[in-house]
Every structure is written in C-alpha cells, then in structure tokens.
Amino acid sequence: MAAPQSRPRRGELILLCALLGTLWEIGRGQIRYSVPEETDKGSFVGNISKDLGLDPRELAKHGVRIVSRGRTQLFSLNPRSGSLVTAGRIDREELCAQSPRCLININILVEDKGKLFGIEIEIVDINDNNPKFQVEDLEVKINEIAVPGARYPLPEAVDPDVGVNSLQSYQLSPNHHFSLDVQTGDNGAINPELVLERALDREEEAAHHLVLTASDGGEPRRSSTVRIHVTVLDTNDNAPVFPHPIYRVKVLENMPPGTRLLTVTASDPDEGINGKVAYKFRKINEKQTPLFQLNENTGEISIAKSLDYEECSFYEMEIQAEDVGALLGRTKLLISVEDVNDNRPEVIITSLFSPVLENSLPGTVIAFLSVHDQDSGKNGQVVCHTRDNLPFKLEKSIDNYYRLVTRKYLDRENVSIYNITVMASDLGTPPLSTETQIALHVADINDNPPTFPHASYSAYILENNLRGASIFSLTAHDPDSQENAQVTYSVTEDTLQGAPLSSYISINSDTGVLYALQSFDYEQIRDLQLLVTASDSGDPPLSSNVSLSLFVLDQNDNAPEILYPALPTDGSTSVELAPRSAEPGYLVTKVVAVDRDSGQNAWLSYRLLKASEPGLFSVGLHTGEVRTARALLDRDALKQSLVVAVQDHGQPPLSATVTLTVAVANSIPQVLADLGSLESLANSEASDLSLYLVVAVAAVSCIFLVFVIVLLALRLWRWHKSRLLQASEGGLAGMPTSHFVGVDGVQAFLQTYSHEVSLIADSQKSHLIFPQPNYGDTLISQESCEKSEPLLIAEDSAIILGKCDPTSNQQAPPNTDWRFSQAQRPGTSGSQNGDDTGTWPNNQFDTEMLQAMILASASEAADGSSTLGGGAGTMGLSARYGPQFTLQHVPDYRQNVYIPGSNATLTNAAGKRDGKAPAGGNGNKKKSGKKEKK
C-alpha cells in the first residue's frame, strides 16, 4: 500500500520543478546574435552551448535542436563545437525587404529537460544590390512654351539595400537646357526632377538626349543608368490637375477581383484634344502591378487579383494624368488592406515521443505542438484542446507551444494505437478551427501468456496416410505484440507401444501444424493422446498447455479376394458343368469372396460383367450363386464364358473379377466329343462360304458384260436405221411432173390444208409453220418437226428442213372470211362426209393420188407455165370460182406444201429466187412441232 501513496507525491514534485524552470526561463530573457547576409554555409553565428550552459559534446545527448515554424531552416547546430551556424546563404532583402532592422527569431528545444529557449538573430545588410530603374529608356515630352524653371519628374531607382548601402544620389549628363534637382520626401525617399533651365525651341532642336545615373553609398559603390529622350512639343499651356494630392482607400482582403476601389479625375482647362487626359500608374513596384488595374481613359481603379492581408497590408502608389501635350499631373494613392478571419490555425507537431510504454507514469510528455494563425488581432488568437474521452491532456508551454501529456496508465492490450485529435480554434468571427491527428503507438510489455481457444481438441486421420502428411493445426493467441506475442509450440514427450511419441508425431514450432512421421494402421493403433505446449518469447516467457486426442480412421484399402473358384496356376480358367436338361434357376456354381476391411468397406456385391450368350445365366447380388436364367436349348453353344465381378461398398469402391467356363454337357467325355464335332463343322462352313463368294462375284461380272454388249448393239441399230431413211427420202426430188394428177384436186386440197415451210439455201435449219384449218382435226406431230431430213435438191443448192420451234404447238384460230363447200373439198370421200371437218385419205390409193396432185401443182407453180385457167397466181381457181377469187384469199401453196403420209415438205424455188417472203392464207401462222396421224 505504500507504493500507490508515493505516486501522487512524486507527480506533485515533478510539476513543481517544471513551474520553477519556466519562471527561470522567463527571467533569463532571450539570446541575441547578429550575422551579415550572403555569408557562406556553416558560418559562425554564436556559441549556443556556452550561452545555454551546456557542454558542446553533450548537445546530442540532451536532445538539443532548433524548432521554427512555417519557414525554411536558416540556421543549424554544429554538434562538435556547440555553436550556431548558418544552414545556407541568407538574403536579407528576401527576408525583411526594406525594414531598417532584420530580426529572425528561432527556438532551441532541450528535449531531455523539456525546455525551450528563444534566440533572436539580426541579419546585417551588405551592399549586394545595384540601384535599378524600372525602365531603361524614358521618353519625356515638353512643350516649347514651357518657361524656364519648369520641373518634370524622373523615374526613381530602387535599391533593396538599407542604410548607406541604399540609393544615395542621382547625376544627370551635362546639357545646356536641363539640370537635375533632387527632392527628399517625408519618408526619406530621394525623388529626381528634371528642371528646364533655358526655353526650348522645337524648330531649333526637336529632341534632347540625356542620361540619368543613380548611385548608392556602399563599398564598393554601385550604380545604374536610364536614357532620357526629351521630345519638344508644340503649345499646350495647361497641365492636368487632381482635386486631391492624396487619396486613401480601405479594402477588405476577401474582396473579389474586379471590385472598384475609386475613380480619380484630373481636370485640364485646355479645350479640344489638348484637354483629353490619360491616366497611368507611377511609382508602383513589380509585385503591386498585377494586383490593381487602372482604366487609362476613365481613371477607375479596380482590383485585378485577390488581395492577401498576410502578404501585404498596405500599398502606396502614384497616379499620373497626362494630356496630349505631355503636360502632367500627379496624385498619391494609399490603399489599406483590412484583415478578415480567412486563415485557419496551423498546428505543427514539433516533437513526438512514440511509441510509449504501456506502464508509463501519468504526466509523461508525449509531444510538443506549435500553434499559429496568420491572421491578426483576435483572428490570430488560438486556443487548443483535446477530447475528454482520451487519457491525454494539453498543457500550455512558452509562446505558442503546447505539451501533450498522459493523464493515466495505458493498456496496450485494450488500445494499441491512439488517434489523438488536437483541435485548434481562433477567436475570430466566425471562428475557424483545424484538427490535427496524432498517431501514438503504445509499446508492449510481456504481461499475457498464450491461450488456446478450446480446452481440448480432437483430430482424425485416415489410415495408410503419407509420411509427413499434415494432421491438425493448433493456434494459440497472445494479446501481446512483437517478440512477446511470438508463440512456439511443442509436444510433451511420451511413449506409445514401446516407442517414443516423437517417432509418430511432430509439430511445427512456428505454425502449430501437426505432421505424421509414420503411416498409421487402423488395426494396430486406434487413437493417440497428446499434450501440446504454447510458449511466448517474452522475458520471462509465459506458456499454457492443451490436450489433443488423435483418432485413426479405417480406409477402404483392401480389394475383395475370391476364394472360389480358385485361379489355376497355369493361367487357364476353371470349368463348370451344366446339363442340357437343366431347368431355369439351376445352380451351376457359386463365387465365394472375402474383404479384409471392416464395416461398409467389407460389404460385397456380385454381378455378371460379361457373358458369351447374354440372358442364359444370372448371378445372385449378395450370394454370388451362378444359376441358369432359362432352359438350355440345342442351339446354345457348348462352351459358355462368364466374367463375374465382386465389388465392395467403400469409397472409392474396389472390385475383383473371375472368369468362369461353363460346359453345357452331362459329363466330361461328352464335352470332349462335342468340342471335336464343333471344330469340323466350323471348318466345313468356312469352305462353303468362300465358294459362295466366288460364284457371286463371277455372276455380277457376266451381267455387267452382257449389258455393255446390248447397249452397243442398240446404238449401231439406230445409226443404221437413220441412214436407210435418208436414202429412201432422197428420191422424191427426181420424179417427173406427169406422174401426178391434175391441179384442181391440189387446189381444193390446198384450200383445206395450208402449211408453210421456210427453207433457206445453204442452211441446216428451217422453220415449219402450220396455220390452223377451218376444222378441228390436227394431224401435225411434234416429232416430225424436230427432225432435220433432206427433202429436195433444187438446181445448185440443197434445201434442208430444220427443226421446229417447240413453242409452235399452239395453233391460232382460222380466218373465217372465206369457206369452201363440201363439194370443193379434196379427197375421194369428200362428198361422203356430212360434217364440216376434213379427213385424210382412207387408203393407199387415195394417198398416192393426193401426193401426185400436190406435186404436179407445185411443179407448175415453180415453172410459171400453168395453163389450167386464170391468170398468173390464180392456179385456175378464177375459172372455177370467178375472176374475183385469187390466191390472196387462200394460203399460197407455192410457199409451203405438205405431203400427207410423209415427213418431207416442198417449197417454191421461184419465190425463193425472187426474194419474196412467203405469204400465208389468213395471216394466222403458227409454228408446230406435232407429227401428223395416219
């Protein structure tokens, strides 16, 4: 009980010491140094170890380092000499612009004492900058009526140095008309002015060239020049005048670009073009130029870019008004930028002590924080706090620094990492705040032993396992971290069946995986009892134990063994007898098998896998009995082969097969006799089959040869017949005209049957046209039209009848303009027919007479010497029917003549020679392919 009471007293003592140290620091004040600008890196600034009262070699031991906010580190500590040196080249003009004094404040942190010391360093200026004009060439316009003594402002040179190193004097090149006057302003600025000494005369000298030189007072002295071109103008005697010499404007820094600030106006009493004024900025530096915009015509001044109070809070510039006569007027513009609360506080972690031991005392320093707000006034005042639910608190240190300390003991097993949120808020309206996350890791100590999720475990492994096979995995959890949580596993040594347990089982000390070192046999070892220990690597180490029961499971690793029928040693199969008189269900034999496995792995089933004659035998599923499934027939083979399979019910199932030979006979001698007869019968059947095949092949060959001979004979017969027909038809052309009958019968016949044949000399194709007669009988055959036979040889050309067009089968209706009476129709039987249909001759005599009439008439028409009456072209028809009846009423038989009973056609050679086209009787001519019927 004494230890807990001493802890509060110790904490009070630490707080009292810290308070006394803070008061001592305030009483000491700040340490001040000075260093020239542009010195080399590592230049000596001050002996910080001496001023802090520390040994130079112990700076690193005490954790002494420089902390600064929001700027590049300009200085560093030399650990050997304990002095403060420059970290690089320092440009005073970049840091402090034109301030008379350039002071840099840094803080020195002594970590082991938890103290901060303020250091103030002055940067001393050197003459490292030339005076610089904004322009290299300047044009000044002066009216010729300007009186001597007139002053014209000249551009000012800018020297970023201060003191004697800054701009000190101006010089003007010698000139008879101008001199230089330098004015000193209220703020000490030097303003050069060009003074007119003598009156100008533009006609005498229109331009003057001057050189203005600006010099500083440093060592060595630096200078720069600007060329001035003075243009003499004609009369313009009034300069623009501003109503106010100074304009003052206040603007908030958050005003958007384009906001109008004010409008300046300069008045010029001149009239016309001489009174027109143009405005422009004057005496404005390069950084201010892009921020503001001036309308040169109206004098309106507006914001061009966003303003920032933190960068610059005050702007000063001049506005110049110039008329066309180069008369100038000037005024000054002062712009004050007012701050708004537009910057959030910044929190910088200066030092973080992470990780921290979980058994650290309350009040232990975790981190140093630096807080800053760029705004001014209340907008820049910042307060910090943390959340109350965390075991940490913030304590105010010097300046804007805070310390983060613990409030109570930590427990890494509950929370191993803390995300501490530090909230900083300013006092502006509205207030702005920012949050900073600090990740604090809690370091572990070994205060927790490894633990298993369960008090005991059971594992199972199949027998016949591989050596080195993984059996089971154990995992113990240790809530500690790193080496305190690194768990190693081991098995307590024991014996099993006289052998050490380590010869059966091993465990991976890192992963806790158990491995089998031997292949287990279920029949020898059924289970094992193990004790596994888990230990961590802490100091001191902690451990715990757990029991493991390992059970060996049976596996289907034995196939069924067939005891009967036993396999012969010579490779043959066993033979069983089945009498032919056996009834269905007759027991032939029984297959007997056993399995060395147990349980389901030893359950056996039998099935018939293959049989030479399916359906003859069956096998009992569970008994293995081979029985006949039906009665044996004479056609059943003597020798029957059976394959019986025996299978267990393991996973996967294993099986064995046996081949049985069943002889269908009553005794062994009968079996041998039947086998001999079967062999001879098979040989005779094989020889008969070969003979049948040879006979079938010979018969097919003979039939094919006969077919080829018959086909060739038919071809030759058709060819010979066509030659005979051509020879018989060629005799018609030489028959004399006297063999035919008179023309009257032919005329009557032609009036009834009119046909047209178009024959072309020296051509192998012709067209045959058959107009429709006045009655219905059609005796034209298509077969006759399709033939091309020689018909008539006339003088010097051979006329061949061509093929008919297949489309000529359809006949056109007859022309009913004229009719013949029954008495005028040809034929010996024409008077006997009472109907209006014409008929062909009924016998051979009538046919021959009709042929003779047609040929005689054709010959007369061809020779043009017909004396049978009438004139030419009437064929004697006008004498019989009257002079008005000519050939134009009937088909022209001279053009086409068809001989009934023959496939030949005559044509008028005279008409062919005259070149006249054949004319039809009624104009309804159709090509026909039909052959006449006899």
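Excluded from the calculations below are hydrogen atoms, water molecules and symmetry mates; all remaining heavy atoms, backbone and side chain alike, are included. A quick note: this is a predicted structure, and the numbers were derived from the prediction, not measured.
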Are Arg227 and Asp137 close enough, and set up right, to give a salt bridge (Lys or Arg N to Asp or Glu O under 4.0 Å), and what steps lead you there? CA-CA 5 Å; Arg227 292 183 295 273; Asp137 294 285; 2.7 Å; yes
Please check if the number of heavy atoms outside Arg248 that lie under 6.0 Å from its CZ is greater than 12. no
Could you pull out the closest heavy-atom pair between Arg101 and Arg92, with the gap in Å? N-NH2, 4.0 Å
Measuring from Leu194:CG to Asp181:CG, what's the distance to the nearest 0.5 Å? 10.0 Å
Shortest non-hydrogen pair, Leu167 vs Pro131, comes out as CD1-CB, 4.1 Å
Can you tell me if NZ on Lys396 sees more than 12 non-hydrogen neighbours from other groups inside 6.0 Å? yes
From CA spacing to verdict: side-chain hydrogen bond (donor to acceptor under 3.5 Å, both in side chains), Ser49, Asn47: CA-CA 6 Å; Ser49 59; Asn47 192 343; 2.8 Å; yes
CD1-CD1 distance between Ile31 and Ile48, expressed to the nearest 0.5 angstrom: 4.5 Å
Considering the options Lys280, Lys332, Lys283, which one meets the salt bridge (Lys or Arg N to Asp or Glu O under 4.0 Å) requirement together with Glu318? Lys283
Look up atom CD in Glu483 and atom OG in Ser537, then write down how far apart they are to the nearest 0.5 Å. 8.0 Å
To check you understand the geometry: which heavy-atom pair defines the closest contact between Tyr315 and Val337, and what is its length? CE1-CG2, 3.6 Å
Using the test ring-ring contact (aromatic ring centres under 6.0 Å, His included), find all partners of His229 that sit at least two apart in sequence or belong to another chain. His209
How many angstroms lie between OG1 in Thr331 and CD1 in Ile319, if you round to the nearest 0.5 Å? 6.5 Å
In short, Leu210 meets Ser173 closest at the heavy-atom pair CA-OG, 3.6 Å
What heavy-atom pair brings Gly118 and Asn107 nearest, and what distance separates the two atoms? CA-OD1, 3.7 Å
Give the ring-plane orientation class for Tyr170 versus Phe133, where under 30° counts as parallel, over 60° as perpendicular and anything between as tilted. tilted
Relative to each other, are the rings of Phe368 and Phe353 parallel, tilted or perpendicular (30° and 60° limits)? perpendicular
Can a salt bridge be assigned to the pair Arg65 and Glu111 using a cut-off of 4.0 Å between side-chain N and carboxylate O? yes
Would you say Glu94 has more than 12 foreign heavy atoms packed within less than 6.0 Å of its CD? no
Heavy-atom neighbours of Gln288 CD exceed 12 at 6.0 Å: yes
For Glu38, is there an ion pair with Arg89 - N to carboxylate O distance below 4.0 angstrom? yes
How many angstroms lie between atom CG of Asp216 and atom CG of Asn127, to the nearest 0.5 angstrom? 4.0 Å
With rounding to the nearest 0.5 angstrom, report the CZ to CG distance, Phe281 to Leu294. 4.5 Å
For a quick test of reading the model, state the closest non-hydrogen atom pair linking Ser76 to Ile66 and the distance between them. CA-CD1, 3.6 Å
